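Here is the structure we will look at, set down as structure tokens.
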Amino acid sequence: MHIEMRNIYKAFGTNQVLAGVDFDLASGEVHALMGENGAGKSTMMNVLTGLHPKDQGSIFIDGTETSFSNPKEAEQNGITFIHQELNIWPDMTVLENLFIGKEIKTSIGLLNTNKMKALAKSQFDRLAVSIPLDKEAGSCSVGEQQMIEIAKALMTDAKVIIMDEPTAALTEREIAKLFEVISSLKKEGVSIVYISHRMEEIFAICDRITVMRDGKTVDTKPIPETNFDEVVKKMVGRELTDRYPKRNPQTGETIFEVKGLTKSGVFRDVSFSVRAGEIVGISGLMGAGRTEIMRAIFGLDSLDSGEIWLNGSKVTIKAPSKAVESGIGFITENRKEEGLILDFSIKENMVLPTLASFAPKGIINEKNQSDFVDMLIKRLTVKTESAETAVGNLSGGNQQKVVIAKWVGIGPKVLILDEPTRGVDVGAKREIYELMNELTSRGVAIIMVSSELPEVLGMSDRILVIHEGKITGELPMGQATQEKIMTLATGGQ
Ligand SMILES: Nc1ncnc2c1ncn2[C@@H]1O[C@H](COP(=O)(O)OP(=O)(O)OP(=O)(O)O)[C@@H](O)[C@H]1O
Ligand SMILES: [Mg+2]
């Protein structure tokens, strides 16, 4: 299938999001789409698949002008979209999610569960996924949910598959599997639109790249004719040196310590400490228990045993409110479920954990609140028209910045960051790293869970590796390498 989008315009209210983009997708190619957060990538694909009507421009499919009125129609015509914000129904099982709206029935109209199970199983095998089909989807990790979405898309027999940040929550092994699947799809003549902020991936699997900036196409080129630096420059409109800012850690006393944290079947005997001003990176494979440990520390899940010490005293954290009160902030990996209230404005979300500090006598000081929010928006370069915009209308990466802003605002002593730069563009990543450096220079202790090895290596003063719920090793900065981390993360010595 050959798709051509010509001179597309789309505005939301006064916000001109697409301002004359062109996009050309050849049959059987893997086409990268890159651009800063808010550049309009997801919107362009939503226009193609009929979620949003375009204001101007034309779309040609195999030479015929076409316009879909909704995503279902696009899918029936062979175009499937795996969204950046996953569309999982948490209360339904994995199997129900895979077949929602497309249930297979027997000749007498009953659900043909056996057939659906067999089909699901074959897709999971293809992706080397082993999630039980009767598991509740909401209890699956973000990575597992992503794999469910990919399997679901593969079952549609699409001619074009749009993947919006598909690997953000996947492990190295799952990514490798996905890439194998992509190359076999390509051989079958399926075209892939591959949206990602991970440059390494783009250069590994894509044939061509289109870079967007401010709702316009900057350039389309074959991958062999371009390079990292050129792409970054086209994205941000300037040169960007050094992906990680220099760290000058000035660590103080140990301010946070956990001893023997155990939750049966999830993690056991987890002990570590963090000093003031220190960044401790937590590495490990997806499902190793990293997020679960952080959730328990923050009071979201219960512990079977273990102690948490803050500033030399033992604390009991039974609920997140207690954690916040004690000065612990938590930026979660799943912004949709835990981090943000999508219907609320940017401002409302940002001041949520801090509300009390703006209302010393029960009266909210609007002016202080607005100044504070404006400062955070500027600092983190959140791309928005106004602080009153609903967070659900922001681009994926800009939502992540709001999550971070919200927790920075409470002035935490200990800040837990779980995949802090997931889906964030190169320029904004750097802003987040600089913010981390600034926080640690003020004595904040940071615990950073990250699946991106270069990020863990680039930003941590010390790295703890988790494997199957246990700490399998500790590597100080300077001794850590990708190989050493991977060895420990897979249970090797
Ligand atoms: N439904 C909507 N209503 C209002 N504004 C929207 C809506 N969807 C997107 N926007 C705005 O359109 C702009 C582009 O967003 P889009 O999601 O296309 O960016 P993106 O390039 O995919 O970014 P990211 O890398 O962060 O995912 C943003 O400024 C966003 O706020
Ligand atoms: Mg997007």
Side-chain angles (χ1 to χ4, degrees), residues 5 8-23 31-55 57 70-71 81-87 146 149 162-169 193-199 201-202 209-218 231-232 234-237 335-336 339-340 342-347 349-350 377 380-405 419-432:
M5 299 178 77
I8 308 285
Y9 281 78
K10 173 74 196 170
F12 293 103
T14 57
N15 186 5
Q16 190 67 49
V17 173
L18 300 179
V21 268
D22 297 310
F23 183 66
H31 196 130
L33 191 53
M34 282 198 94
E36 287 187 284
N37 297 131
K41 304 177 295 293
S42 301
T43 304
M44 178 158 81
M45 292 300 117
N46 279 327
V47 165
L48 171 64
T49 52
L51 183 71
H52 300 314
K54 57 185 182 302
D55 299 337
N70 57 59
F81 193 167
I82 305 172
H83 286 271
Q84 183 174 18
E85 301 301 330
L86 303 173
N87 289 318
Q146 178 73 66
E149 291 275 35
I162 302 157
M163 301 185 178
D164 200 346
E165 288 283 343
T167 59
V193 179
Y194 195 84
I195 306 178
S196 175
H197 291 290
R198 295 187 174 177
M199 204 79 80
E201 294 181 356
I202 304 254
I209 177 167
T210 291
V211 177
M212 284 178 76
R213 188 165 76 231
D214 299 332
K216 294 194 191 69
T217 310
V218 184
V231 169
V232 171
K234 282 186 180 142
M235 270 171 62
V236 300
R335 58 180 169 254
K336 201 171 184 181
L340 290 177
L342 296 179
D343 298 338
F344 279 27
S345 72
I346 297 175
K347 183 170 160 184
N349 272 285
M350 280 189 182
I377 288 179
L380 287 163
T381 62
V382 179
K383 194 175 166 164
T384 180
E385 297 247 286
S386 121
E388 309 298 334
T389 304
V391 161
N393 288 341
L394 292 179
S395 78
N398 282 301
Q399 291 185 11
Q400 180 65 5
K401 294 184 206 171
V402 175
V403 175
I404 294 184
E419 305 290 356
T421 66
R422 214 181 109 192
V424 170
D425 71 53
V426 272
K429 268 188 181 160
R430 177 100 205 182
E431 303 282 343
I432 291 172

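Atoms within each ligand, like the ligands themselves, are counted from 1 in listed order. Only this structure's heavy atoms are used, side chains among them; waters, hydrogens and symmetry mates stay out. Predicted model, so just to flag it, every value in this text is computed and none were measured.
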Item to check | Distance from atom 23 (O) of ligand 1 to nearest protein heavy atom, with residue and atom | outcome: Gly38 N, 2.8 Å
Checklist outcome for this item: for atom 12 (O) of ligand 1, nearest protein heavy atom and its distance come out as Val17 CG2, 3.0 Å
Checklist entry - Which residue supplies the protein heavy atom nearest to atom 29 (O) of ligand 1, what is that atom called, and how far is it? => result Asn15 ND2, 3.7 Å
Checklist entry - Any side-chain heavy-atom pair from Lys10 and Val21 closer than 4.5 angstrom? => result no
Item to check | Shortest protein heavy-atom distance from atom 27 (O) of ligand 1, along with the residue and atom involved | outcome: Gln84 NE2, 2.9 Å
Item to check | Non-neighbouring partners of Lys429 that pass salt bridge (charged side-chain N to carboxylate O under 4.0 Å, His left out), sequence neighbours left out | outcome: Glu452
Next on the checklist: Please work out, at 4.0 Å between heavy atoms, whether the side chain, the backbone, both, or neither of Val424 comes within that distance of ligand 1.
Outcome noted: neither
Checklist outcome for this item: Within the 4.0 Å heavy-atom cut-off, what Thr43 brings close to ligand 1 is both
Item to check | For atom 17 (O) of ligand 1, the protein heavy atom that lies nearest, with its residue and separation | outcome: Ser395 CB, 3.3 Å
Checklist entry - Are Val424 and His197 side-chain neighbours, meaning at least one heavy-atom pair lies under 4.5 Å? => result no
Checklist outcome for this item: Correct closest heavy-atom pair for Gln16 and Leu18 would be NE2-O, 2.9 Å
Checklist entry - Any heavy atom of Met44 sitting closer than 4.0 Å to ligand 1? => result no
Item to check | Distance-minimising heavy-atom pair for Asn398 and Lys383 | outcome: OD1-N, 2.9 Å
Item to check | Whether Gln399 side chain and Leu394 backbone form a donor-acceptor pair below 3.5 Å | outcome: yes
Checklist entry - Any nitrogen or oxygen of Phe12, main chain or side chain, under 3.5 Å from a nitrogen or oxygen of ligand 1? => result no
Item to check | Evaluation steps, salt bridge (charged side-chain N to carboxylate O under 4.0 Å, His left out), between Arg198 and Glu201 | outcome: CA-CA 6 Å; Arg198 295 187 174 177; Glu201 294 181 356; 3.4 Å; yes
Checklist entry - Looking only at heavy atoms of His197, does any of them come nearer than 4.0 Å to an atom of ligand 1? => result yes
Next on the checklist: Evaluate Ser42 for polar contact with ligand 1, using N/O atom pairs at a separation under 3.5 Å.
Outcome noted: yes
Item to check | Residue-ligand contact Asp425/ligand 1, heavy atom below 4.0 Å | outcome: no
Checklist entry - Within the stated cut-off of 2.8 Å, is an N/O/S atom of Ser42 closer than that to the Mg ion (ligand 2)? => result yes
Checklist outcome for this item: Only residue of Lys216, Lys234, Glu36, Lys41 satisfying side chain to side chain contact (heavy atoms under 4.5 Å, CB included) with Val211 is Lys234
Checklist entry - So do Leu33 and Met212 actually touch side chain to side chain, heavy atoms under 4.5 Å? => result yes
Checklist outcome for this item: shortest atom 30 (C) of ligand 1-to-protein heavy-atom contact is with Asn393 O, 3.2 Å
Next on the checklist: At a threshold of 2.8 Å, where the distance has to be below it, does the Mg ion (ligand 2) have an N, O or S atom of Gln84 nearby?
Outcome noted: yes
